[in-house]
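Heavy-atom basis, side chains included; hydrogens, waters and symmetry copies ignored. Each chain gets a letter, A, B and so on, in the order the sequences are listed, and its residues count up from 1.
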Amino acid sequence: MAHGADLAAMIHSPQPIPFRSEQGRSVRLETAEALVSSESPFYPRRADLKTMRAETVCAVDASAEMLSRVDLSESQREETSLYSSTSLSHGQTQKDIDDILVNLEESLQFSKADRNQLLMRKLHPLFGLKALTNAAESFVAQHTGVRGENATFGDTALAGYEALLASSWDLEESRTEHSLCLGTNCGGLYSLFALESYCAERFPKVSTLRESSAAAVLLLSSTPSEWRLLELSREKPEGTFDHVFSSSVYNEEAKEKFLSDWGNSNSKCHSSFDSWGSFGAASVQFSIISALSTSQENSKPQRVLIVEEDLYSQRCFIVLERTS
Amino acid sequence: MTSRVFVVDYELLSSLGVGKEAHLKSLRDGFSGASFIRNFPVDALPNTAGAEVKDNLSELLHLESPSVKEAARYDRKLELLLACKGLVQKRWSSYLNQIPPDRVTLSLGLGLDICPVEAMSSERASCRYPDWSRFFNRSGQTPNLLGNPIDTAVQSWRSLLGSDSQLQANNILTACASSAQALGMAFRSIRRNERDLAVVGGGDSLLNLLGYISFLKMGVIPPSTEEASQQCKPLDALRGGTLLGEGASLFLLMSESLVKRLGLTPKIEFLGYGSSLDAFKITAPDPEGVGMKLAMKRALKDAALPNNKIEYLNLHGTGTKANDPAEVEAVSHVFEGRALPVSSTKDRHGHLIAGAGALELGLTCLGLEHQFMAGTLNLQKPIDNKGLEFLRAPVENRNYKIAMSNSFAFGGVNASLIVGRI
């Protein structure tokens with residue numbers, strides 16, 4: 001299936017801090033958390049920070065900055081759609097859950113009534129809101145005035161593909177002239193849980209995986225621009241490509257496989273693995289941003305392929321083309 | 001070239017019963033699924049009411065693999081969704097076998113993954129390196145099963161729909177609007193001829209210790225010792241909060257060409273979908289209902305229908321202080337003060353969170369099929385109806401053809417669906 005959306009603008013999320021390690025039974029997870037400077041003019045309101053996870057803060061900052069670069073009226077923003085992909089959120093509510101566990105341990109000798117009263121006292125009143133899976137979508141809307149059609153997809157790299165597909169269909173079916181495609185990845189403890197079980201089944205010894213939290217946002221537009229979103233597919237596309245990008249590579253083995261699969265066809269291969277590891281549910285958006293950034297150095301028309309693969313070995317392919 | 005989209009079949013599972021016939025009977029009889037909670041200890045909590053599914057679901061899971069059954073044992077919403085799958089599996093298999101995977105979409109709206117904190121606590125207390133994987137992958141047998149309940153549900157369906165990479169499978173995670181949005185997105189993928197068949201729906205249960213206390217702390221469930229079936233009062237001046245429920249619903253949608261090819265005669269057509277964002281607050285809806293209005297207007301535009309064609313509206317109607325007046329204001333605005341019959345059924349089945357939209361669209365379809373409109377049974381002292389007709393008692397023999405169902409989520413995500421009787 002071909003899609004004709006134009007990528008009118010782009011921005012990427014903040015720099016990661018150095019990796020920290022989470023040690024599980026079968027996995028050593030290297031993980032970095034995305035941070036944004038509180039000096040940013042687009043930094044969220046203080047009152048909102050109480051209910052925002054780190055990657056949600058990044059998503060708000062990135063989206064608000066990007067929309068500031070394009071001149072959209074209030075009514076255009078109201079019609080702008082917003083499709084988001086997200087990982088599940090336990091990583092960023094780790095402290096809350098840890099507190100709950102400690103409280104429960106303390107209460108093991110208590111009666112059920114005492115235990116419940118303890119939890120009523122100790123559970124953070126905003127715990128439910130911090131754990132919301134559509135938090136990034138909600139806060140981006142609040143900080144940008146976007147009120148269009150929307151959905152949040154979960155929870156692997158393929159979710160980013162679904163979000164991009166939904167964004168591009170909104171343009172093709174003329175529901176809007178602009179669509180934001182947002183990706184957020186939580187990383188952290190939840191990833192450790194997921195990867196732990198994944199690795200326990202596959203690897204006989206402790207495996208090192210790398211995944212970072214991130215937020216990345218694209219603006220798709222029906223207005224012609226330099227880059228065109230040419231094709232979204234679950235099947236490997238035909239033709240040759242100047243560059244191939246992937247941001248869903250979790251470990252050294254997967255990186256080698258990515259290079260051997262795509263490095264022999266006159267393509268330059270780029271993976272986020274060395275710097276950040278996988279970006280999980282934000283991989284598609286991050287790869288596209290990386291592709292546009294890298295390719296801007298070259299003036300001739302280019303075709304770029306994005307390849308993402310999730311932990312279920314489900315793959316998606318996105319072809320971008322430079323139009324001038 | 002677009003296709004008409006038909007609701008060929010659907011099934012419902014909630015505290016009102018197992019299957020759509022049980023739901024129809026419950027609605028007509030004024031049965032409430034609310035009671036005091038039995039699934040987890042609620043000692044000393046300021047409220048103890050919920051709308052639990054009390055039926056034994058094990059028979060409905062008998063076709064699942066041992067690993068999936070094991071996963072369902074630990075996650076209630078997964079158990080409910082798979083039980084609902086058990087209701088439809090035999091009926092739908094014959095259709096699914098005839099469609100290539102690249103013409104099928106599977107779209108599910110599921111809820112937040114709540115940790116089994118009590119079990120985690122015991123694990124942490126008992127060993128230095130807790131085996132967390134035990135809680136996130138309960139099978140230890142199925143290679144492609146991460147233990148994430150959403151993905152487990154998808155994997156379970158893949159055994160029926162095929163594992164072909166061209167099968168579109170997605171999960172919508174927009175809290176209380178999840179399954180409504182899953183339905184809307186699947187509807188559009190068939191209408192534009194991208195797919196011919198959709199298995200779509202969702203389910204949820206936050207009736208667990210952590211989920212329940214979270215809602216109490218947010219003030220969404222009020223402190224109350226009132227009779228469980230009387231606590232949730234949508235549209236009532238004395239409303240204090242919602243009733244948490246649980247359940248799952250699944251729909252089988254098909255394109256017109258597929259319906260003809262299979263010789264089917266569906267009774268319901270899917271007509272339109274609209275969604276919007278409040279851009280207001282994460283904690284409460286916009287009191288002016290700006291986003292709600294946009295979702296309903298977009299659904300009408302999507303269906304190419306004027307507002308006077310809608311003859312009944314199943315409200316989101318949570319019974320919370322904030323939602324109901326905002327929704328009434330928005331509905332009245334969109335329908336220009338017309339005496340549109342509206343009701344909320346959440347006072348009996350509770351709020352299914354991610355599963356709410358699918359269940360309530362199912363109840364709306366039941367009403368259309370049987371020329372019946374559900375009432376809001378606990379409504380005694382109505383808030384300002386702004387010209388709308390608040391239905392208190394069930395209405396029989398009402399000849400109507402087109403209805404809308406609303407679902408609005410925490411964070412200000414709104415979805416409206418329109419269906420019609422053929």
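Interface remark: A:Leu126 contributes no atoms to any contact with chain B (heavy atom separation under 4.5 Å). Only the side chain of B:Val290 has a heavy atom closer than 4.5 Å to any heavy atom of chain A. When heavy atoms are compared at a cutoff of 4.5 Å, A:Ala159 does not approach chain B at all. For A:Phe139, the part lying near chain B is the side chain, with the backbone staying farther off; criterion is any non-hydrogen pair under 4.5 Å. Heavy atoms closer than 4.5 Å to chain B are found in both the backbone and the side chain of A:Glu149. The part of B:Phe280 that comes within reach of chain A is its backbone (N, CA, C, O), which places non-hydrogen atoms under 4.5 angstrom from that chain. There is no contact between A:Arg77 and chain B, counting heavy-atom distances below 4.5 Å.
The distance from atom OG of B:Ser275 to atom CZ of A:Arg147, rounded to the nearest 0.5 Å, is 14.0 Å. In this structure, CG on B:Leu110 lies 10.5 Å from OG1 on A:Thr133, to the nearest 0.5 angstrom. Atoms CD and CG, from A:Glu162 and B:Asn171 in turn, are 9.0 Å apart once rounded to the nearest 0.5 Å.
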(request) I would like to know whether B:Glu194 and A:Leu165 meet side-chain contact (heavy atoms from CB on, under 4.5 Å); could you show each step before the answer? (result) CA-CA 12 Å; B:Glu194 186 187 7; A:Leu165 199 58; 4.0 Å; yes
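For A:Ala166 against B:Met185, the heavy-atom pair with the smallest separation is CB-CE, 3.7 Å. When every heavy atom of B:Ala279 is checked against every heavy atom of A:Val146, the shortest pair comes out as CB-O, 3.9 Å. Considering every non-hydrogen atom in both B:Gly411 and A:Ser138, the closest pair reads O-OG, 2.6 Å. Shown here for A:Met120 and B:Leu45, the closest heavy-atom pair between the two residues is CG-CD2, 3.7 Å. The nearest pair of heavy atoms linking B:Lys217 to A:Pro125 is CB-CA, 4.0 Å. Minimum heavy-atom separation, A:Leu132 to B:Ala175: CD2-CB, 3.8 Å.
The salt bridge (Lys or Arg N to Asp or Glu O under 4.0 Å) search around A:Asp48 returns A:Arg45, not counting sequence neighbours. Remark: B:Thr283 engages A:Leu129, B:Lys281 in a side chain to side chain contact (heavy atoms under 4.5 Å, CB included) (not counting sequence neighbours).
Using a 4.5 Å heavy-atom cutoff, the side chains of A:Leu123 and B:Ser214 are in contact. Under the 4.5 Å side-chain criterion, counting only non-hydrogen atoms from C-beta, B:Arg192 is in contact with A:Trp169. The side-chain heavy atoms of B:Leu209 and A:Asn116, taken from C-beta on, include a pair separated by under 4.5 Å.
Applying the salt bridge (charged side-chain N to carboxylate O under 4.0 Å, His left out) rule to pairs touching residues 174-183 of chain A yields A:Asp170-A:Arg175, A:Glu173-A:Arg175, sequence neighbours excluded.
Residues of residues 293-300 of chain B placed with any heavy atom under 4.5 Å of a heavy atom in chain A are listed by number as B:Leu294, B:Arg298.
If you tally non-hydrogen atom pairs under 4.5 Å between each of B:Ile282, B:Asp278, B:Ile172 and chain A, the highest count goes to B:Ile282. Among the candidates A:Val140, A:Asn134, A:Thr51, the residue making the largest number of heavy-atom pairs closer than 4.5 Å to chain B is A:Asn134. Interface check for chain A: of the options B:Ala415, B:Gly109, B:Pro46, B:Ser276, the most heavy-atom pairs under 4.5 Å are formed by B:Ser276.
For B:Gln181 and A:Asn150, the side-chain atoms include at least one donor-acceptor pair closer than 3.5 Å.
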